Number of protein chains: 2
Amino acid sequence: MNARFQIAIHILTLLDHADGEVLSSDYMAGSLNTNPALVRKEISNLRNHGLIDSKEGKGGGYTLSLSADKITLDMIYRTVKTGPLLGSSKNQPNPACPIGRQIGGQIGKLYDEVDHEILTKLSTITLAEFSRNFD
Amino acid sequence: MNARFQIAIHILTLLDHADGEVLSSDYMAGSLNTNPALVRKEISNLRNHGLIDSKEGKGGGYTLSLSADKITLDMIYRTVKTGPLLGSSKNQPNPACPIGRQIGGQIGKLYDEVDHEILTKLSTITLAEFSRNFD
DNA sequence: TGTACTGTAATAATTTTAATTACAGATAAA
DNA sequence: TTTATCTGTAATTAAAATTATTACAGTACA
């Protein structure tokens, strides 16, 4: 998931710098140093979350759906996130033990709190701000 | 790492509830529903970080090194943590691209900020408080 | 000296993640 | 209307990370 988050931000940063011009998955794969299908796969996800528009066919490619100062990093993070960042393990502690029985729930609560903290932090940073750090 | 954090907290919670009595890796493996060697391995790490004392030989086992209200969850998290929580991917973007060249550093900075946020949050919770939630 | 523990290395199994290939569908332009 | 260029997505393979297990030497108590 770490790698996917990086890929997603990378893609969106490229699109922001493209300034409205469409970019192809092939071009982006060059910058990411990976193959186009992987890029398209991640873009497919970003599009489902409303961050990217695509155009098929010759001369097609991708653009941002929203202006970069309307995209916060938590929005990007959410597209890539499955469960809580820290969890959740598939450990199956012993239900006959009081600690074992309750640990999952208690850890879950903790992870949710931490997750909320992360999302709040990421929501204070826009793609535009992030993207501005590049020469 | 997620699972290891859960295992570490689980172990420490058991020890807190044991109230000074030594617990064996075998007993804890019962609560964790896993095997003793795995428990000992994680404990070995916790001991290296000064959280657990061990006693070898017959009648041996484990106790907390510190009172549970002196152990904060960030201390536990640090024992299990290798790099930043979100990172760091081994992607190797294209250095010939301005974005590709700098993305690693920019992401790294971001991850460090997020990490700091998480540690700060975890430092506000003691093992004693966490442990108190169990019946 | 036997029993009950820890400590740790080595290895095997499993799961997860990432990368690749392949090809059908869409669009624009010649 | 055909060709070139691009997206969309499924299927597969490859690689990596994680977790689990086995095994056994070392230590301490009775």
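A quick note: this is a predicted structure, and the numbers were derived from the prediction, not measured. Numbered from 1 within each chain, the chains take letters A, B, ... in sequence-line order.
In this structure, S44(B) reaches the dT8(C) phosphate: one of its side-chain N or O atoms is under 4.0 Å from OP1 or OP2.
At whole-Å resolution of the value, CD in E42(B) and C1' in dT8(C) are 14 Å apart. Atom CD1 of I7(A) and atom P of dA18(C) are 7 Å apart (whole Å). Rounding to whole angstrom units, CG of residue L46(B) and C1' of dT6(C) are separated by 15 Å. What separates CG of N45(B) from P of dT8(C) is a distance of 11 Å, to the nearest Å. Regarding Q6(A), its CD atom lies at a distance of 11 Å from the P atom of dA19(C), rounded to whole Å. Rounded to a whole Å, the CG atom of L38(B) is 18 Å from the P atom of dA12(C). Distance, N35(A) CG to dT17(C) C1': 14 Å, rounded to whole Å. At whole-Å resolution of the value, CZ in F5(B) and C1' in dT18(D) are 18 Å apart.
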Using atom names, set out every protein N or O paired with an N or O of nucleotides 5-7 of chain D below 3.5 Å, distance rounded to 0.1 Å.
from	atom 1	to	atom 2	distance (Å)
dT5(D)	O2	K58(A)	N	3.2
dT7(D)	OP1	S25(A)	N	2.9
dT7(D)	OP2	S25(A)	OG	2.8

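Between the side chains of S65(A) and D53(A), a donor-acceptor pair is found at a separation under 3.5 Å. Side-chain polar atoms of D74(B) and T72(B) form a donor-acceptor pair below 3.5 angstrom.
Applying the ring pair (Phe, Tyr, Trp, His ring centres under 6.0 Å) test to pairs two or more places apart or on separate chains, those with a residue in residues 116-135 of chain B are F130(B)-F134(B).
Salt bridge absent: D135(A) and R101(B) never bring a charged side-chain N and a carboxylate O closer than 4.0 Å.
Rounded to the nearest 0.5 angstrom, D26(A) CG and S31(A) OG are separated by 12.5 Å.
Classification of the Y77(A)-F5(A) ring pair by plane angle, with boundaries at 30° and 60°, yields perpendicular.
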